[in-house]
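Everything below concerns the one structure shown next.
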Amino acid sequence: MRYESQKIAQNFYTFAVLLFLVQVLVGIIAALQFIWPDFFPLKFNIIRDLHINALVVWLLMGLMGATYYVVPEESQSELWSIPLAKFQFWATVVAVTAVVLGYIWMGFDPQANKFIAGTLLLNEGREYIEAPRWADWLIALSVILFLLNNFMTMYKSKRWTGIQGTLLGGLTFLALMYLPGMFYSKSMVKDQYWWWWVIHLWVEGAWEVIAGALLAFMLMKVTNVERHVVERWMYIEVALVLFTGILGTGHHYYWIGTPRYWLWVGGIFSALEPIPLLVMVWDAFRTTRTHRVVSNRLGLFYATSHAIFNFVGAGLWGVIHTLPQVNKWTHGTQITTAHGHLAFYGAYVLLVMSMIYITLPLIRGAENFNTSRGYRSFWWMTISMIFIVLTLTGAGMVQTYMERLVGLDYVTVKANYNLWFWIFRAIFGLGFLYGVTLFVIDFFKLGREPVEAVATEPSETTV
Amino acid sequence: MSNKGIRNLFIFGSIFFFVIFIGLTIDTMKKVDKRAPKITEEVDAGKKLWHKYDCIGCHTILGNGSYYAPDLTKITVNKPEGYLEKFLVNPRKVKPNAAMPVLGITPEEAKKIVAFLDWVSKVDTNGWPPKPVLARYRVPQIPGATVYEKYNCKACHMINGVGGTSGPDLTHVGSRKPDPEWHKKHIRDPQSVVSDSAMPPFPQISDEELNQLVDYLITLK
């Protein structure tokens with residue numbers, strides 16, 4: 001770490017990591033509620049709201065922390081305003097906590113979610129963007145302050161690198177794409193139409209652009225690859241992401257009441273969406289193979305894993321059900337859940353974790369740190385997630401066959417034919433929780449353990 | 001190509017695709033209202049309640065949502081009139097093993113929610129959800145079974161694993177309720193024998209059909 005202001009990243013990482021733990025804990029409760037609906041005082045809808053909102057918020061916090069690290073380094077200057085960054089951090093923490101308490105309150109008293117001045121007080125009742133309108137404005141303000149701080153840092157230093165330009169572009173796109181979720185539509189069709197602008201153009205647009213920029217930064221940080229090479233590939237990746245991803249939104253417009261031409265537009269462009277993700281994998285491997293000077297093996301390990309599972313989860317598990325001919329039967333089944341889990345894990349959980357493992361040792365001034373927990377955490381999480389995704393995929397296939405093709409009742413299929421999938425999913429969920437716990441412990445101990453406890457890396461001869 | 005060239009390709013290419021996307025969006029916005037019935041005040045009120053009670057936290061609608069509870073796109077087509085209003089107010093009174101909790105929905109609110117769901121069921125969804133293609137299970141070649149099919153009893157009831165779960169399973173109904181007179185009364189006016197039943201009355205069923213249906217039901221042992 002070269003700049004004092006990069007330390008602010010640690011605040012964001014800490015909050016992110018704690019929310020990650022919360023996300024997985026409520027995820028286990030949700031998994032058990034598939035088997036026993038009354039398992040917990042809060043019902044499934046509230047638990048799921050917490051599960052998916054914690055996910056979005058912790059990933060955003062992680063990406064913000066990562067940006068606060070990257071921008072001073074790329075600009076070669078301190079952040080424009082550290083107090084502003086601190087204010088933005090604490091304001092976000094307070095707003096997020098208020099929203100969470102609101103969900104819990106609503107869980108115990110559904111009537112508390114009242115309409116006030118035309119908007120709902122505690123929960124907007126729209127998936128992923130459940131946060132009420134007053135919180136939307138606070139989130140928007142937080143993101144604007146964040147963008148301003150980073151933009152001013154770049155502007156003052158006059159060093160416009162490709163990486164930070166792309167990062168800022170991705171983050172601005174992210175902020176803009178929050179707006180289509182902030183108005184009410186009387187028509188459920190239009191409601192879902194604009195809602196997908198937010199959801200799809202975030203995860204398959206803006207976030208992938210950010211991922212491309214951060215991947216380039218990480219590869220440059222841990223190997224001795226030249227900047228112009230990583231930036232070239234970064235541009236190719238993010239260009240392909242948006243060329244395919246923007247019109248790929250069409251794969252959400254097959255069956256919601258929108259015109260038929262979306263079947264063509266969505267089918268063609270979304271089928272191409274895995275290509276940039278495959279280029280990212282190739283990029284990571286090529287860089288690793290040709291540049292043997294690696295300063296942080298664990299960090300590179302995570303970054304490469306992120307590229308691979310981004311391709312498998314977001315790319316392959318998406319493309320299997322993206323064509324309208326297939327999607328007609330699988331839409332609205334557990335196949336989507338399986339895709340969602342592996343995509344978020346590969347594309348964004350591993351991305352934020354790799355940024356943490358690459359930048360946190362530098363922030364804490366620990367060039368050498370105990371990496372064994374980091375590897376163990378990876379294998380526990382990844383193997384568990386693969387099995388969670390396989391059980392969900394199995395459940396989705398059974399559901400598609402029994403419900404969509406044979407015409408059996410939804411509840412019958414869920415309660416009888418898919419019961420064992422739910423049981424296995426919960427068990428693998430516990431494995432995932434164990435991996436996350438290891439990671440959280442590692443996060444707090446990294447660089448703070450006595451040097452004697454530091455395990456040595458595998459020697460060069462064994463690699 | 002230089003890095004700068006690729007960067008410009010990225011920027012202007014992305015803008016190009018976004019402009020196309022906006023064009024398609026404008027066209028779509030013009031067309032969607034014609035693909036669905038008019039939105040009445042009651043439908044809009046129902047939609048607001050849909051959001052208030054965070055229904056999407058468990059259900060899917062138009063296939064999007066939480067995958068924990070049934071998709072509601074065609075629910076008003078599949079359930080008899082009057083059933084959903086009762087179910088929404090107190091799910092477990094209507095269906096003892098329902099996973100859905102009592103949310104405090106009033107009967108007036110339930111009506112609005114059903115109006116909203118009914119609107120959704122009439123949206124032109126390009127044929128989704130598809131009709132099951134393998135649902136050619138054998139209907140027993142007896143008159144009562146045909147009547148059972150004709151009045152779509154399987155929307156709510158199950159026999160040998162086929163059918164809905166909203167009403168009681170009828171696989172062994174003949175053992176539980178062997179009295180044909182009870183069945184006749186029940187089908188004509190369910191509340192006359194089960195006071196809080198959520199089943200709608202079937203006055204439209206002819207006497208001959210009723211006899212055939214009851215003859216069939218009491219054989220299910």
Side-chain angles (χ1 to χ4, degrees), chain A residues 34 37 43-46 48-49 106 110-111 113 115 120 123-127 130 162 186-190 192-193 228 231-232 235-236 238-239 242-243 246-247 249 252-263 265 328-329 331-334 336-337 404-412, chain B residues 3 6-7 9-10 13-14 17-18 20-21 24-25 27-29 31-33 35-36 39 44 47-48 50-58 60-68 70-71 99 101 103-104 116 119-120 123-130 132-135 158 161-165:
Chain A
F34 263 78
K43 295 297 175 208
F44 181 84
N45 64 329
I46 300 297
R48 186 177 187 271
D49 291 353
M106 179 188 164
Q111 295 300 334
N113 191 27
F115 274 96
L120 284 159
N123 188 319
E124 239 175 64
R126 297 174 79 202
E127 196 190 1
E130 283 92 348
K186 277 190 174 185
S187 157
M188 192 61 183
V189 178
K190 289 181 183 169
Q192 293 211 348
Y193 188 91
H228 72 93
E231 287 196 343
R232 165 179 292 251
Y235 283 133
I236 293 172
V238 295
L242 293 186
F243 294 178
I246 291 171
L247 290 174
T249 317
H252 301 294
Y253 298 153
Y254 297 159
W255 323 117
I256 66 166
T258 35
R260 214 175 176 85
Y261 55 70
W262 284 110
L263 270 66
V265 178
K328 184 171 187 174
W329 303 100
H331 180 54
T333 67
Q334 295 292 326
T336 317
T337 322
R404 297 268 193 267
L405 271 71
V406 179
L408 292 189
D409 181 76
Y410 172 92
V411 176
T412 312
Chain B
N3 273 15
I6 304 175
R7 188 196 66 190
L9 182 70
F10 158 53
S14 302
F17 282 104
F18 207 84
I20 295 178
F21 187 52
L24 289 173
T25 296
D27 185 69
T28 300
M29 285 298 133
K31 287 181 176 153
V32 286
D33 285 339
R35 298 169 58 92
I39 300 166
D44 183 45
K47 180 171 182 281
K48 290 199 167 111
W50 165 270
H51 292 302
K52 174 188 169 179
Y53 289 108
D54 189 26
C55 307
I56 208 148
C58 291
T60 50
I61 192 158
L62 299 167
N64 296 312
S66 299
Y67 318 102
Y68 177 77
D71 184 85
L103 294 167
F116 162 67
W119 181 87
V120 172
V123 170
D124 177 358
T125 54
N126 294 331
W128 193 88
V133 284
L134 301 176
M158 186 179 283
V162 177
T165 54

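The shown structure was predicted, so the numbers you read here are calculated from the model rather than taken from an experiment. Throughout, protein chains are lettered first and strands after them, A, B, ... in sequence-line order, and every chain is numbered starting at 1.
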Would you call [X] and [Y] a side-chain contact if the rule is heavy atoms closer than 4.5 Å?
X	Y	value
A:Tyr261	B:Leu24	yes
A:Leu120	B:Lys52	yes
B:Asp54	A:Met106	yes
B:Pro70	A:Val411	yes
A:Lys186	B:Lys47	no

Report the relative orientation of the aromatic rings in B:Tyr68 and A:Phe44; use parallel for angles under 30°, tilted for 30 to 60°, perpendicular for over 60°. parallel

Counting only non-hydrogen atoms closer than 4.5 Å, does [X] touch chain A with its backbone (N, CA, C, O), its side chain (CB onward), both, or neither?
X	value
B:Asp33	side chain
B:Leu103	both
B:Ala36	neither
B:Asn126	both
B:Lys31	side chain

For [X], is it the side chain, the backbone, both or neither that has a heavy atom under 4.5 Å from a heavy atom of chain B?
X	value
A:Tyr235	both
A:Asp49	side chain
A:Leu408	side chain
A:Arg404	both

Just checking, is any N or O donor in the side chain of [X] or [Y] under 3.5 Å from an acceptor N or O on the other one?
X	Y	result
B:Trp119	A:Ser187	no
A:Glu127	B:Asn64	no
B:Thr25	A:Tyr193	yes

With chain B, the option among A:Lys43, A:Glu231, A:Arg232, A:Gln334 that has the most non-hydrogen atom pairs under 4.5 Å is A:Arg232

Among B:Ile56, B:Ile39, B:Thr28, B:Val32, who wins on heavy-atom pairs under 4.5 Å with chain A? B:Thr28

